[in-house]
Amino acid sequence: MSATSSCRICGDTVTEFIDFGKQPASDAFVKPGEEDREFFFRLAVGICGSCDMVQLMEEVPREQMFHEDYPYLSSGSSVMRAHFEGLAKRFLTTELTGEDPFIVELGSNDGTMLNTIAKAGVRHLGVEPSGGVAELAATKGIRVRKDFFEESTATAIRSEDGAADVIYAANTLCHIPYMESILRGVTTLLAPNGVFVFEDPYFAEIVERASFDQVYDEHFYFFTARSVDEMARRHGLELVDVERLAVHGGEVRYTLARPGARQRTAAVAELLASEEAAKLTSPATLTDFRERVEKNRDDLMAFLREQRAQGKRVVGYGATAKSATVTNYLGITPELVSFVCDTTPAKQGKLTPGAHLPVKPPSAFHADYPDYALLFAWNHAEEIMANEQAFREAGGKWVLYVPTVHIV
Ligand code: SAM
Ligand code: TMP
């Protein structure tokens, strides 16, 4: 019998289809000497038999993940900086052209998207519970409310600032289990003709690429057009547009509006039809996904053990939240991957969650190139490989494990 839980969207039964075992909070980098203070939970994913929402079986308390020391910075990738600047410019010429328009961003982090909006002098508010990153945005002149967005926050914003023409969230909505409160908040805050736009990893891409490392504590939901369509309808909203994005390993940007306020684009029907044709959430597809993930796990572990046996050195590149799942699912130790290099100041000098691999700045990588670099930040492969051309010129090789273990 598979484990079950209750769907956070519709209350029906969620049936587990993959289990990654005991895992730490993925962004909880550990100070050396504090290894015994870590929080663990069981990371497993299931699907709702009724609304099809793919979701974690266990919820991690939000304060364990989003706090003063939350280390992730949106500005850490030049590709993502350009992505957010492009979208902000698009909002400025489309949704934000009325009289005194207002945009609210959930999970505004260090202000990478709102920076362009603020510079254009448009009324905005970032809602960001993680104090350190919220402070970084504030120092750039961005208006930030240090808070979790939920129904009560939305009510307060509505009474202080009025209705929002755009509510936007990137890589944030899928992090929030308490969706009922969020969507009530959205309907409270959204202007009659406003749009709620959010972008998150697309479950179809995860299945296709067997990118199992997209599964970690912060990624509570794995959206599809079908499950978002259903979720929107249940909460008095309508899915009116979808757009596929190449960033972060393949995402979809969903646009929701009040029923009848916007014409639904053809792209919605197309994506819904493609999911149905692919039998995306059928038991056979999910079993095949699990089997491919287990093969990736075994192949990568065999590769790392082989390199150790041959006296070769492997270093990790990118101490991503995703890498917590990989290192803890496989049981990777510093004997197999000696350290992980990462540009994020708040991660350097610490140990990766659970697996306790030391995190060092890229200078440590440059000082003594390893034989192989295991690219945990595979979603930024082009950018990183271009910046690190000298590694390959020096004879180094990249190891990737999505969609299968391969050397570049
Ligand atoms: N939007 C940025 C991006 O795409 O780069 C940041 C994404 S980061 C992975 C997720 C962000 O959501 C974190 O900064 C976290 O603090 C924030 N967050 C988590 N729960 C939230 C909530 N209930 N309301 C607003 N922000 C939240
Ligand atoms: P993400 O995949 O969740 O965006 O995380 C990417 C991580 O990789 C983040 O900790 C920053 C790091 N990184 C580098 O160290 N060098 C780089 O060139 C890029 C793009 C990211």
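First listed ligand is number 1; within each ligand, the first listed atom is number 1.
- Considering both main-chain and side-chain atoms, L106 never comes within under 3.5 Å of ligand 1 through any nitrogen or oxygen pair.
- Shown in contact with Y178 at under 4.0 Å from a heavy atom are these atoms of ligand 1, numbered in order with element: 23 (N).
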Note to self: Apply side-chain hydrogen bond (donor to acceptor under 3.5 Å, both in side chains) to residues T255 and D241 and explain how you reach the verdict.
What the structure shows: CA-CA 5 Å; T255 301; D241 193 22; 4.6 Å; no

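- Using a 4.0 Å cut-off between heavy atoms, F376 makes no contact with ligand 2 at all.
- Checked for salt-bridge contact, R8 and E180 miss the test: no charged N lies under 4.0 Å from a carboxylate O.
- Residues E243 and R90 are paired through a salt bridge, judged by an N-O separation under 4.0 Å between the basic side chain and the carboxylate.
- The single protein non-hydrogen atom nearest to atom 21 (C) of ligand 2 is G76 O, 4.0 Å, given as residue, atom name and distance.
- Aromatic ring centres of F223 and F198 lie closer together than 6.0 Å.
- Nearest protein heavy-atom contact of atom 17 (C) of ligand 2 is I384 CG1, 3.6 Å.
- A distance of 6.0 Å or more separates the ring centres of Y317 and F376.
- Residues R264 and D229 are paired through a salt bridge, judged by an N-O separation under 4.0 Å between the basic side chain and the carboxylate.
- Of the polar atoms of S74, at least one N or O is found under 3.5 Å from an N or O of ligand 1, judged by distance alone.
- Of the charged side-chain nitrogens involved, none lies within less than 4.0 Å of a carboxylate oxygen, so that D371 and K397 do not count as a salt-bridged pair.
- Distance alone, capped at 3.5 Å, is enough to place a donor-acceptor pair between the R313 side chain and the D368 backbone.
- Looking from atom 13 (N) of ligand 2 to the surrounding protein, the closest heavy atom is T343 OG1, 3.7 Å.
- If you check the side chains of R262 and N193, you find a donor sitting under 3.5 Å from an acceptor.
- Within ligand 2, the atoms closer than 4.0 Å to a non-hydrogen atom of H248 are 4 (O), numbered from 1 in the order shown.
- Using a cut-off of 4.0 Å between Lys/Arg side-chain N and Asp/Glu carboxylate O, E160 and R145 are scored as salt-bridged.
- Ion pairing between a basic and an acidic side chain is recognised when a charged N comes within 4.0 Å of a carboxylate O; D161 and R143 show such pairing.
- Some N or O of K322 is nearer than 3.5 Å to an N or O of ligand 2, by distance alone.
- The protein atom (non-hydrogen) at minimum distance from atom 27 (C) of ligand 1 is P129 CD, 3.4 Å.
- Listed by atom number, the atoms of ligand 2 under 4.0 Å from E383 heavy atoms are 20 (C).
- Residue F149 has at least one nitrogen or oxygen atom sitting less than 3.5 Å from a nitrogen or oxygen atom of ligand 1, judged on distance alone.
- Distances between N or O atoms of R62 and those of ligand 1 include no value under 3.5 Å.
- Considering backbone and side-chain atoms together, D342 places an N or O closer than 3.5 Å to an N or O of ligand 2.
- Inclusion of T344 in the set of residues having an N or O under 3.5 Å from an N or O of ligand 2 is warranted.
- With hydrogens and angles disregarded, a donor-acceptor distance shorter than 3.5 Å links the side chain of N328 to the backbone of P353.
- Ring planes of F20 and Y329: perpendicular class, angle over 60° (limits at 30 and 60°).
- Near T320, with a cut-off below 4.0 Å to any heavy atom, the atoms of ligand 2 are 2 (O), 5 (O), 6 (C), 7 (C).
- Between K347 and ligand 2, at least one pair of N/O atoms sits closer than 3.5 Å.
- When heavy-atom distances to ligand 1 are checked against a 4.0 Å cut-off, F66 comes that close only through its side chain, counted from C-beta outward.
- Nearest-residue assignment for atom 14 (O) of ligand 1 (options E251, E128, E105, M80; heavy-atom criterion): E128.
- Looking only at protein heavy atoms, the nearest one to atom 11 (C) of ligand 1 is T172 OG1, 3.6 Å.
- Taking any N or O of H380, backbone or side chain, at least one lies under 3.5 Å from an N or O belonging to ligand 2.
- Those atoms of ligand 1 that come under 4.0 Å of a heavy atom in A170, given as number and element, are 1 (N), 2 (C), 3 (C), 4 (O), 7 (C).
- With a 4.0 Å cut-off on non-hydrogen atoms, I176 touches ligand 1 through its side chain and not its backbone.
- Regarding atom 3 (O) of ligand 2, its nearest protein heavy-atom neighbour is Y72 CE1, 3.4 Å.
- Looking at N171, V133, V104, V127 and measuring to atom 7 (C) of ligand 1, the nearest heavy atom belongs to N171.
- Under 4.0 Å is where a charged nitrogen must lie from a carboxylate oxygen, and between E85 and R81 no such pair does.
- Residue Y72 has no N or O atom closer than 3.5 Å to an N or O atom of ligand 1.
- Remark: minimum distance from atom 13 (C) of ligand 1 to any protein heavy atom is reached at Y70 CE2, 3.5 Å.
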Checklist line | E388 and R392: CA distance, side-chain angles, deciding distance, salt bridge (Lys or Arg N to Asp or Glu O under 4.0 Å) verdict | finding: CA-CA 7 Å; E388 297 289 4; R392 211 155 13 182; over 6 Å; no

Item checked: side-chain hydrogen bond (donor to acceptor under 3.5 Å, both in side chains) evaluation trace for S78 with E383 -> CA-CA 8 Å; S78 62; E383 179 176 350; 2.9 Å; yes

